[in-house]
Amino acid sequence: MRIKNLAFLWIAGGITLFMSACGDEDLMLEEELVAPFYLGYTDTLSLDMATVLADSMVSSGSGRILSGYYEDEQLGKIMAQSYFQLGLNGTLSLSENTVFDSLVLYLTAHEYVYGDTTRLQHLRLHRLTEELSPEEGAYFYNTQTIPYAESIAGEVHFLSNAQGRDSLAIRLSDEWGQSLFEMALNNDPVLQDTEDFQDYLPGFSLVADSTQNTAVVGYTASAEQVYMRLYYHETTEEVQRSTYDFPLTNTSLQFNHIAANRSATRLSVLQDVRNPLADSSTQMQTYAQGGTGIMTKLSIPHLEDFPELGEYMYVTQAELVIQPVVNHAQELPLPDSLILLSANHNNEIIPLLSYGTTSTSTQVWTTLLELDDEYDRENPVSL
């Protein structure tokens, strides 16, 4: 079994504060710092931790097509379904001597895998029946879907862990391929303008078989690595084989619908963003899974008490340390990085925390997870 790049985490945390203190006579700093000056730290500041569920998460423009189905014992039944759009690649001109061969969609594998890749997977491709356009704003969210035709445009059975596999080929219906080919033979205006072509073919949805517990697999969403290729040849004295590619376009609109059924897990009561699940209800563990909107909320209830330590007590550094539960981390690899967000009392996300020297600083607090080579376990994360 190969399970990698899993986007959730069991977390335990703590706060370390570094403090300095000095007497009245030490406040005149124009000349130099005068002793006595004390530096100390405390790691006894408690945290309140809980698991919360966001209403929705932006899932468009991630650069990653996700499709698959996996039953996770801790987080429930996870299904990912992707939506994307194709465009034209110059003019498609065919002579009367050309003959249709096939129409194939190619996807290039991404390193993202969540689940069991030793099981045979089944993916279906459906043509969208409505425009690929956000209802509001410029983004699609993980909870959104676009209607698609019930008929299957193409399908494939495959093993994700097959040796040497770096791409996936889905042969599309020969009937539809022949129809598209004849449109090109007749110089149909649909194949002369990208906007007209996308009215004819709004896009595709890549759908997994939800009756098979396999894996959610990622594919790179770029024009060079996702394309529909038309194969044809000319019947002259020598057969001349040719191709024409319809590349992925509007990558900012490509998005993934990600659904989770947590009814059989300890997270089953997570139904609303306003109702966090305290770690006392989940065996002192919390969870984070980006695609389904699960997050760990950290609260510091006694932080406002620090001024009571004294008028001349200053906090010079604060460090938040979180550490995965070791036994689970060994079974399921951790995500590459974490992002620290800010939330209000209703657990609603407010503008990202940033740091910098000016009010226009846009850097977001993130951290990387590293492996302790000596003890073969993940290091704590510091923010």
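This is a predicted model, so every value here is computed, not measured.
Heavy atoms only, all atoms of each residue included: A184 and L94 are closest at CB-CD1, 3.6 Å. Scanning all heavy atoms of the two residues, the minimum distance from G154 to I170 falls at C-CG2, 3.7 Å. Contact between R119 and N213 at its shortest, heavy atoms only, is NH1-O, 2.6 Å. The two residues P134 and G137 make their nearest non-hydrogen contact at CB-O, 3.7 Å. Of all non-hydrogen atoms in R124 and A208, the two that sit nearest each other are NH1-O, 4.1 Å. Across every non-hydrogen atom of V226 and I65, the tightest pair is CG2-CD1, 4.0 Å.
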For this session: Go through Q225 and Y227 one step at a time and tell me if the side chain to side chain donor-acceptor pair (under 3.5 Å) criterion holds.
Result: CA-CA 7 Å; Q225 295 174 302; Y227 51 89; over 6 Å; no
For this session: Give the intermediate values and the outcome of side-chain contact (heavy atoms from CB on, under 4.5 Å) for residues K297 and M295.
Result: CA-CA 6 Å; K297 182 175 182 179; M295 297 176 287; over 6 Å; no
For this session: Go through the steps to decide whether F204 and M228 satisfy the test side-chain contact (heavy atoms from CB on, under 4.5 Å), and finish with yes or no.
Result: CA-CA 11 Å; F204 285 113; M228 182 174 67; 4.2 Å; yes
For this session: Start with the C-alpha distance between L75 and R262, add both sets of side-chain angles, then the distance that settles side-chain contact (heavy atoms from CB on, under 4.5 Å), and finish with yes or no.
Result: CA-CA 6 Å; L75 297 175; R262 291 178 284 270; 5.6 Å; no
For this session: Under the side-chain contact (heavy atoms from CB on, under 4.5 Å) rule, what do L180 and L201 come out as? Steps first, then yes or no, please.
Result: CA-CA 11 Å; L180 189 65; L201 177 62; over 6 Å; no
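Of the possible polar contacts, one joining the H126 side chain to the S151 backbone as a donor-acceptor pair under 3.5 Å is found. At distances below 3.5 Å, at least one donor-acceptor pair connects side-chain atoms of Q121 with backbone N or O atoms of A215. Without hydrogens or angle criteria, T129 side chain to P147 main chain gives a donor-acceptor distance under 3.5 Å. The backbone N or O of R64 sits less than 3.5 Å from a side-chain atom of S62, completing a donor-acceptor pair.
Between D174 and L103 the shortest side-chain heavy-atom distance does not fall below 4.5 Å. Contact annotation: the side chain of H122 approaches that of Q212 to within less than 4.5 Å [non-hydrogen atoms, C-beta and beyond]. In this structure, V52 and I294 have side chains that are not in contact, with every pair of non-hydrogen atoms separated by 4.5 Å or more. Contact check for N250 versus Q198: side-chain heavy atoms found under the 4.5 Å cut-off. Within the 4.5 Å cutoff, no side-chain heavy atoms of N275 are placed close to those of L270. Put simply, the side chain of F255 does not reach to within 4.5 Å of the side chain of Y141, judged on heavy atoms. Side-chain contact check for Y114 versus V217: every heavy-atom pair is 4.5 Å or farther apart. Proximity of T282 to L277: side-chain heavy atoms (C-beta onward) are separated by under 4.5 Å at one or more points.
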Less than 3.5 Å apart, which donor and acceptor atoms pair up between the side chains of residues 241-249 and the rest of the protein, not counting sequence neighbours?
| from | atom 1 | to | atom 2 | distance (Å) |
| --- | --- | --- | --- | --- |
| Y244 | OH | N89 | N | 2.8 |
| Y244 | OH | G90 | O | 2.6 |
| D245 | OD1 | R229 | NE | 2.7 |
| D245 | OD2 | R229 | NH2 | 2.9 |

Show me the donor-acceptor pairs within less than 3.5 Å that the side chains of residues 185-193 make with the rest of the protein, sequence neighbours left out.
| from | atom 1 | to | atom 2 | distance (Å) |
| --- | --- | --- | --- | --- |
| N186 | ND2 | E182 | O | 3.0 |
| D188 | OD1 | V190 | N | 2.9 |
| D193 | OD2 | E195 | N | 3.1 |
| D193 | OD2 | D196 | N | 3.0 |

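Between the side chains of Y232 and E234, not a single donor N or O lies within less than 3.5 Å of an accepting N or O. For the 3.5 Å distance criterion, the side chains of Q254 and T251 fail to qualify, holding no donor opposite an acceptor. Remark: the Y83 side chain and the Q85 side chain contain no N/O donor-acceptor pair separated by less than 3.5 Å. When only modelled atom types and interatomic distance are considered, S95 and N97 share no side-chain donor-acceptor pair under 3.5 Å. A donor and an acceptor atom, one from each side chain of T265 and Q74, are nowhere located under 3.5 Å apart. With 3.5 Å as the limit, one finds a donor-acceptor pair spanning the side chains of R266 and Y287. In this model, a donor atom of one side chain and an acceptor atom of the other lie less than 3.5 Å apart for D101 and H233. A side-chain donor-acceptor contact under 3.5 Å links T286 and T296. Counting only N and O atoms by type, the side chains of S82 and N256 include a donor and acceptor under 3.5 Å apart.
Under a hydrophobic-cluster definition in which Ile, Leu, Val, Met, Phe, Trp and Tyr are linked whenever side-chain heavy atoms come within less than 4.5 Å, directly or via other members, L92 and F181 are assigned to the same cluster. When hydrophobic clusters are built by joining Ile, Leu, Val, Met, Phe, Trp and Tyr residues whose side-chain heavy atoms come closer than 4.5 Å, directly or via intermediates, W176 is grouped together with L230. Taking hydrophobic clusters as Ile, Leu, Val, Met, Phe, Trp and Tyr residues chained together by side-chain heavy-atom distances below 4.5 Å, I78 shares a cluster with L66. Linking ILVMFWY side-chain heavy atoms closer than 4.5 Å, directly or via other members, places I258 and Y112 in a single hydrophobic cluster. F197 and F84 fall within a single hydrophobic cluster, where Ile, Leu, Val, Met, Phe, Trp and Tyr side chains are chained together by heavy-atom contacts under 4.5 Å.
Just one of D209, T214, L159 meets the side-chain contact (heavy atoms from CB on, under 4.5 Å) condition when paired with L120; it is L159.
Taking OG from S205 and CG from L125, the interatomic distance works out to 8.0 Å, rounded to the nearest 0.5 Å. Summarising the geometry, atom CD belonging to E155 is positioned 11.0 Å from atom CG belonging to L172; distances are rounded to the nearest 0.5 Å. Atom CD of residue E224 and atom OG of residue S222 lie 4.5 Å apart, to the nearest 0.5 angstrom. For the atom pair S60 OG and L132 CG, the distance stands at 9.5 Å (nearest 0.5 Å). Note that the OG1 atom of T220 and the NE2 atom of H110 stand 5.0 Å from one another [nearest 0.5 Å]. Here OG of S252 is found 9.5 Å from CZ of F140. Values are rounded to the nearest 0.5 Å.
Because its NZ or CZ atom is both nearer than 6.0 Å to the ring centre of Y200 and within 45° of the ring axis, R127 counts as a cation-pi partner of that residue.
Among residues at least two apart or in separate chains, there is no salt bridge (charged side-chain N to carboxylate O under 4.0 Å, His left out) pair with a member in residues 130-142.
Within a 6.0 Å radius of OH in Y106, more than 12 heavy atoms belonging to other residues, nucleotides or ligands are found.
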